[in-house]
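Values below: all heavy atoms of this structure, side chains included; hydrogens, waters and symmetry mates excluded. Quick caveat, the model's predicted, so the values are computed rather than measured.
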Amino acid sequence: MPTLLYYPLVRPPAEVLHQALLYWDDLASIVPQDPAVSAYALSDELRELADLGLYHPVTLSGRFTEPLAEYRHFDMLCEDLAALAGTAHGPASEPMDAALFASKIGGALERRIVRLGLGRTVGASPHGSRMYSLRVSREVLHLLVGALAHRVAQTDRTRSYTPYTERESAHESAVRPGGPGVGAWRVELGRLLPTPAPGTPTSQVLAFRERYADERERLIGVTQTLLSRLRHEWDHPADVLRRLEPELKQAREDYHAAARASRTAWVSRSLSATVAVAATAAGALLAPSLDWLASIAGSIGFNITTREVRPVREHAEHHPFSYLHRVEKELS
């Protein structure tokens with residue numbers, strides 16, 4: 001199972017934290033390079049999970065930020081920033097009501113943002129470290145950190161990262177149409193992967209993770225298989241789901257039986273995975289009729305729907321999935 005890489009903030013909300021503990025190996029988020037600022041940004045809960053080996057901070061050192069100038073990723077990001085500014089030196093069109101921690105994005109991007117009028121620097125803290133290096137609009141924050149999170153997933157070979165956010169604008173900034181890319185499927189998996197209801201202690205989630213490890217890993221495995229096959233068999237999505245239907249149904253039933261036995265209240269939230277299809281599909285993916293999906297999904301008791309997204313912003317051979325978690329109050 002890969003590592004959930006949460007963005008755009010350091011601290012994920014409780015529902016995302018619990019999602020990570022249940023359906024990924026572990027959790028990561030991007031933190032400032034300055035140790036004092038990073039320590040300030042982390043919560044006690046994240047520190048406790050780090051001690052358990054279930055959370056690790058990602059520092060965007062020079063290998064992710066400064067060298068971006070050598071790659072097309074930096075140029076594409078700068079083009080997007082310039083478009084937001086309206087002109088190469090125009091002012092930001094939205095209020096600068098979001099804060100970026102110092103040293104989180106690197107000097108090259110910071111200078112470019114200030115030059116474009118998309119951000120402004122703020123003062124130093126009493127400890128000598130700037131708690132916030134920039135004030136930017138939320139749109140700029142989502143674009144920057146989303147792009148950097150996907151950059152980490154594409155370049156860091158020490159872990160298999162899956163970029164993940166609960167903010168739709170941040171997700172769309174990373175996978176929106178426009179620019180080079182290939183086709184993709186958006187697969188809704190909400191009822192398949194439920195989470196504990198709001199207010200559930202993390203200690204209770206950890207206990208469930210350990211007690212029902214087999215059921216949890218089996219459901220994750222078949223879900224990852226579904227997404228992987230959709231990526232490589234992009235022209236026959238109905239066949240993919242039909243072949244996996246028995247295994248999906250059994251894994252879901254076993255997991256939900258475990259959930260009921262845990263005496264924990266569970267919630268189904270909208271959760272979608274964006275799956276970049278194999279490179280051979282570039283320019284060839286057409287959205288077929290998906291009427292077949294309603295009957296199949298209904299017959300096995302969970303909601304899986306797919307729709308085409310064309311194109312995705314970046315194509316990554318080794319990290320083809322990106323998740324969006326929208327908070328909803330619907331009980332399963």
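Here CG of L52 is found 9.5 Å from CG of L21. Values are rounded to the nearest 0.5 Å. The structure places OG of S38 at 10.0 Å from CD of Q33, a figure rounded to the nearest 0.5 Å. One distance of note links CG of L206 with CD of E48; it measures 9.5 Å at 0.5 Å rounding. Atom-to-atom distance recorded for E217:CD and Y255:OH is 11.0 Å, nearest 0.5 angstrom. The CD atom of E168 lies 8.5 Å from the OG atom of S270; values are rounded to the nearest 0.5 Å. In this structure, CG in L226 is found 12.0 Å from CD in E245, a value given to the nearest 0.5 Å.
For R47, the CZ atom is densely surrounded, since the number of other residues' heavy atoms within 6.0 Å is greater than 12.
You'll find the side chain of V114 stays beyond 4.5 Å of the side chain of R120, heavy atoms only. Between V205 and T200, the closest side-chain pair of non-hydrogen atoms falls below 4.5 Å. You'll find the side chain of L227 reaches within 4.5 Å of the side chain of L189, heavy atoms only. Side chains of S160 and D25 form no contact here, defined as non-hydrogen atoms less than 4.5 Å apart. Side chains of H256 and P194 form a contact here, defined as non-hydrogen atoms less than 4.5 Å apart.
The main-chain N or O of A259 is found under 3.5 Å from a side-chain atom of S262 such that the two form a donor-acceptor pair. For T225 (side chain) and G221 (main-chain N/O), a donor-acceptor pair under 3.5 Å exists by modelled atom type.
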Exercise for review: Starting from the C-alpha separation in whole Å, work towards a yes-or-no answer on side-chain contact (heavy atoms from CB on, under 4.5 Å) for L244 and R229.
Suggested key: CA-CA 10 Å; L244 288 174; R229 290 187 181 176; 3.6 Å; yes

Check your understanding: Between Y161 and H56, is a ring-ring contact (aromatic ring centres under 6.0 Å, His included) present by the stated rule, with each step listed?
Key -> CA-CA 12 Å; Y161 289 104; H56 72 276; 5.8 Å; yes

Practice item. Would you check, one step at a time, whether the test side-chain contact (heavy atoms from CB on, under 4.5 Å) holds for L192 with L219? Key: CA-CA 9 Å; L192 186 60; L219 180 59; 3.8 Å; yes

Review point. Could you walk me through whether L54 and R209 pass the side-chain contact (heavy atoms from CB on, under 4.5 Å) check?
Key: CA-CA 12 Å; L54 297 176; R209 172 188 169 109; 3.5 Å; yes

Exercise for review: Go through the steps for T3 and T162 under the test side-chain contact (heavy atoms from CB on, under 4.5 Å), then give the verdict.
Suggested key: CA-CA 6 Å; T3 295; T162 299; over 6 Å; no

Practice item. Please assess T165 against H325 for the test side-chain hydrogen bond (donor to acceptor under 3.5 Å, both in side chains), listing each intermediate value before the final yes or no. Key: CA-CA 6 Å; T165 185; H325 188 154; over 6 Å; no

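Of all the heavy atoms in A99 and L141, the pair that sits closest is O-CD1, 4.4 Å. Minimum interatomic distance between A149 and Y7 (heavy atoms only, all atoms of both residues): CB-CD2, 3.7 Å. Heavy-atom minimum distance, L148 versus I30: C-CD1, 4.4 Å. Summarising the geometry of D254 relative to E215, their closest heavy-atom pair is O-CG, 3.9 Å, with the distance given to 0.1 Å. Summarising the geometry of V267 relative to P198, their closest heavy-atom pair is CG2-CD, 3.9 Å, with the distance given to 0.1 Å. When all heavy atoms are compared, the tightest approach of P196 to L22 is CD-CD1, 3.6 Å.
Every residue two or more places apart in sequence or in another chain was checked for a side-chain hydrogen bond (donor to acceptor under 3.5 Å, both in side chains) with E247, and none qualifies. In this structure Y212 satisfies the ring pair (Phe, Tyr, Trp, His ring centres under 6.0 Å) test together with F208, sequence neighbours excluded.
Here the two rings, on Y6 and W24, have centers that are 6.0 Å apart or farther. Between Y164 and Y23, the distance separating the two ring centers is not shorter than 6.0 angstrom.
Linking Ile, Leu, Val, Met, Phe, Trp and Tyr residues whenever their side-chain heavy atoms come within less than 4.5 Å places I220 and L4 in a single cluster. Hydrophobic clustering of Ile, Leu, Val, Met, Phe, Trp and Tyr side chains at less than 4.5 Å, counting indirect connections, unites L42 with L27. In the hydrophobic clustering of ILVMFWY residues, with side-chain heavy atoms under 4.5 Å counting as a link, L193 and L324 come out apart.
Side chains of H171 and S272: a donor-acceptor N/O pair is absent below 3.5 angstrom, by distance only. Between the side chains of Q204 and T264, a donor-acceptor pair is found at a separation under 3.5 Å. Remark: the S29 side chain and the R11 side chain contain no N/O donor-acceptor pair separated by less than 3.5 Å.
Salt bridge R159/D26: present, at least one basic N to carboxylate O contact under 4.0 Å.
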